[in-house]
Visitor: 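Structure in structure tokens, see below.
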Amino acid sequence: MSLKFHISNSNCCGNFYSDKIRSWPTPKGVTWSPLSSRFRVRGWRKFASSVGVVRLLSLLHDTSQTEGRDQSSYNSIETPPIQEVLQRPVRVRFAPSPTGQLHVGGARTALFNWLHARKHSGIFMLRIEDTDLSRSTRENEESLLRDLRWLGLDWDYGPEGVTNNSNLEELKKLGPLRQSERGFIYKKYVEKLHSEGFVYPCFCSEEELERQRIEMEASGQTPKYAGTCRHLTPTEIEKQIAAGVPYVFRFKVPKDTKIVLHDIVRGDVVWDAEATFGDFIVMRSNGVPVYNFCVAIDDALMEISTVIRAEEHLTNTVRQILVLHALGFPLPSYAHCSLILGEDRTKLSKRHGATSVNQFRSEGYLPEALINYLALLGWHDGTEQEFYSREELTKSFSLSRLSKAPAVFDIEKLRWMNARYLRSLPIEKLRTVISERLKLAHLLYSHVDSSDSLTEMIAEVTRDSVELTSDYEYQVTRIFSYPLEETVQSGEAAELLTKEGGFYELSEVIVRSFKDGTFPCGENENHRVLWKEWIKCVSKETKRKGKHLFHPVRLALTGKMSGPDVGDVIRILSLAKGKSDKFVPLEQRIRILESFLARMQQL
RNA sequence: UGGGAGGUCGUCUAACGGUAGGACGGCGGACUCUGGAUCCGCUGGUGGAGGUUCGAGUCCUCCCCUCCCAGCCA
């Protein structure tokens, strides 16, 4: 299908704005106070409903709407039936705004788009929506791209304006998909809409609009543009322009127009255009077009088959459909995915703690685990499967199985899933991860190879006690340390320090065994066997077993009350020689233990 | 407030109108030591009220609650 690129550029509207579009100055920062905080009139509705007023009012409203109106004059703009769209070649996009880091909500939207494209051998594009110049940065854009790559969500075409796939060369005609560089395109379409009477210049100042809003709220009305400039005569318009009054372009929201959306996730949704929005701005006074306009244009030019995005944009679809329809573009289909919420059931944001993909990476989550978790948040394939490889996801994914209800982000479950992924990692991969992490934390000399027996041993010993890759730092630091004094002073070992506790008795045995060379120091390849034998001998000699044997031995040799198998710790200490300077070697531990015993004897 | 979308264990989710099931968490037990490992067990839910039906999470009506849009943000 070929899309319209033709622009009617000549016949009207002169140079009203052509000069403005050239430069995109930084608009002043606007602080937005949410409407909810401006509306404090909660009480009356409760009261009214109790006496049935609301119902009565709504009935009156309904009659007034239909009364004396020619039903046939009611227009309907409808998105194509879902079945029909599913026949089209798949072209989807992820369109983030570089106003911050990629968060998990965005990542999930990107994932769903990616899965849909890959499943149907379609095209997945990345478009940067940076029309808010004051909040968008190149750093954010770069971090966005890096995070998507880390997640393995590769795009076929994007802001770079290049493609590796020779079959997709035609995409290059779109130009780079970065909205701040596409002003000239949007400008043409504003001109077209103006010449055809779909948009009009509005000279109301921001202060004036704010005043109107406050007034409307005060009188209990829904704040909406009053249409002050809608019916200005050409003479009045020229006069204002001549006087240098700044102006925006507003879209004339039509009367009696029904917007019908066949949403793949939400089903059929219907709005009355006029009841939903006042005339909305498509181009700011500084010549920069706004989100709802750019999205519509770009989705059309990119020939997007299905817009897959978050539910927060559901109502925005009305404005976008109006723009598309006015320009004669075919409508895409839409799939509005439910939102990800924080624990308090509000939209996930920074105050909910870790929410950005970047944070999850640095905290030691694996991309596969994050992908798996996000896919299952609001989607399932009807089976009870919980673990999906990327290929399995691609195979099973279906937009029609997306959940309508929003989902609370549960970091506990993500941790659990990450742990499962980490533990099932092949040993070679695990060793690489471990040695990278440990070197970064200076727990391992940088020259040590990841295939070293030390990393292998660490991988094996800590396998079941890590959930995040960053846990290796903590685990190894613990294994390397010998905090005997601290543990004793904390009082948690009090029981072991009594006569029955056995700490002194077993410490004596250990020191003696170390001195006469019968102690398994971890040098031997067969260390585990030797260690078991040694434990057995000690058990026989001291007539202790179970926790009465292991607890005191653990304390004496590791200085801690818990940790991995003590024999394995001894082996790690031996293997660490010459590979790290952050550990307390066995010999030193014995010395510390000896002096501790001596001190205790004096008391 | 107007328009729109939602509501099944604490959380994520299943259930042609036919036994409310699984997973995370929590709790308990087992593993001749520890446990953030593993295995086993337990816990706990259809927002509310009516109605239709032999039978309702599912269909109907009303109510309640949550979220989204209502900006020269996206």
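Heavy atoms only: backbone and side chains are in, while hydrogens, waters and symmetry mates are out. A note on names: the letters A, B, ... follow the listed sequences, proteins ahead of strands, and every chain is numbered from 1.
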Visitor: Under 4.0 Å, counting only non-hydrogen atoms across every strand here, what does A:Gln385 touch: a base, just sugar-phosphate, or nothing?
Guide: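 A:Gln385: no heavy atom of the nucleic acid under 4.0 Å.
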Visitor: Verify side chain to side chain donor-acceptor pair (under 3.5 Å) between A:Glu208 and A:Gln212, making sure each step is shown before the conclusion.
Guide: CA-CA 6 Å; A:Glu208 167 66 17; A:Gln212 286 181 13; 2.9 Å; yes
Visitor: If you find the nucleotide of RNA chain B closest to A:Pro564 and the one closest to A:Cys202, which residue's nucleotide is nearer the 5' end?
Guide: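 Nearer the 5' end of the strand: A:Pro564.
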Visitor: Looking at the rings of A:Phe251 and A:Tyr189, which for Trp means the six-membered one, are their centres under 6.0 Å apart?
Guide: no
Visitor: Identify whether any heavy atom of A:Ser97 sits under 4.0 Å from a base atom; if not, whether one sits that close to sugar-phosphate; answer base, sugar-phosphate or nothing.
Guide: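 Result for A:Ser97 = sugar-phosphate.
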Visitor: For RNA chain B, whose closest nucleotide is more 5', that of A:Leu468 or that of A:Ser403?
Guide: A:Ser403
Visitor: Are A:Tyr365 and A:Trp416 close enough that their ring centres sit under 6.0 Å apart?
Guide: no
Visitor: Strictly under 6.0 Å, is that where the ring centroids of A:Trp379 and A:Tyr388 end up?
Guide: yes
Visitor: What's the closest nucleotide to the A:Arg423 side chain, out of B:rC73, B:rA70, B:rA37?
Guide: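 Nearest to the side-chain atoms of A:Arg423, counting from C-beta on, is B:rA37.
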Visitor: For a quick check under 3.5 Å, do A:His262 and A:Glu78 share a side-chain donor-acceptor pair by atom type?
Guide: yes
Visitor: Select base, sugar-phosphate, or nothing to describe what A:His313 touches, counting heavy atoms under 4.0 Å on all strands.
Guide: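 Result for A:His313 = base.
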Visitor: How is A:Gly378 classified with respect to the nucleic acid when contacts are heavy atoms under 4.0 Å: base, sugar-phosphate, or nothing?
Guide: sugar-phosphate
Visitor: Answer with yes or no whether A:Tyr474 presents, from its side chain, a donor or acceptor under 3.5 Å of a partner atom in the base of B:rG36.
Guide: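 Present.
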Visitor: Checking side-chain polar atoms at under 3.5 Å, does A:Glu467 have a donor or acceptor matched by the opposite partner on A:Asn418?
Guide: no
Visitor: When the P atoms of B:rG44 and B:rG28 are considered, how many whole Å apart are they?
Guide: 15 Å
Visitor: Paired with B:rC16: which nucleotide, if any, by Watson-Crick or G-U wobble criteria at under 3.5 Å for both distances?
Guide: none
Visitor: Is the A:Tyr291 to A:His313 ring centre distance short of 6.0 Å?
Guide: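 Yes, close enough.
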Visitor: Encode nucleotides 4-11 of chain B as B, S and - characters from 5' to 3', where the letter depends on protein heavy atoms closer than 4.0 Å: B to the base, S only to sugar-phosphate, - to neither.
Guide: SSSS---S
Visitor: When you measure from the side chain of A:Asp471, which nucleotide among B:rG36, B:rC67, B:rA74 comes out closest?
Guide: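 Nearest to the side chain of A:Asp471 among the choices is B:rG36.
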Visitor: Please list, for nucleotides 39-44 of chain B, all pairs of protein and nucleotide N/O atoms separated by less than 3.5 Å.
Guide:
none

Visitor: Any side-chain heavy-atom pair from A:Arg415 and A:Leu468 closer than 4.5 angstrom?
Guide: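 Touching, per the 4.5 Å side-chain cut-off.
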Visitor: Under 3.5 Å for both donor-acceptor distances, Watson-Crick or wobble: does B:rC42 have a partner, and if so which one?
Guide: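 B:rC42 is paired, partner B:rG26.
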Visitor: What about the rings of A:His194 and A:Phe249, do their centers lie closer together than 6.0 Å?
Guide: yes
Visitor: Check every strand shown and say whether A:Ile281 touches a base, only sugar-phosphate, or nothing at a heavy-atom separation below 4.0 Å.
Guide: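 If one applies the 4.0 Å heavy-atom cut-off, A:Ile281 turns out to touch a base.
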Visitor: A:Arg284 side chain N/O closer than 4.0 Å to the phosphate oxygens (OP1, OP2) of B:rA74?
Guide: yes
Visitor: Any ion pair linking A:Asp381 and A:Arg401 (charged N to carboxylate O, less than 4.0 Å)?
Guide: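 No salt bridge links A:Arg401 with A:Asp381.
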Visitor: Which one, B:rG71, B:rC69, B:rU34, comes nearest to the side chain of A:Arg213?
Guide: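 The answer is B:rG71.
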Visitor: When you get a sec, tell me which of B:rC69, B:rC33, B:rG25 is the closest nucleotide to the side chain of A:Asn316?
Guide: B:rC69
Visitor: Is there a Watson-Crick or G-U wobble partner for B:rU8 with both distances under 3.5 Å, and if so, which one is it?
Guide: none
Visitor: Pick base, sugar-phosphate or nothing for A:Phe277, based on heavy-atom distances below 4.0 Å to the nucleic acid.
Guide: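 Result for A:Phe277 = sugar-phosphate.
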Visitor: Using a heavy-atom cut-off of 4.0 Å across all strands, would you classify A:Arg319 as base, sugar-phosphate, or nothing?
Guide: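 The residue A:Arg319 makes base contact.
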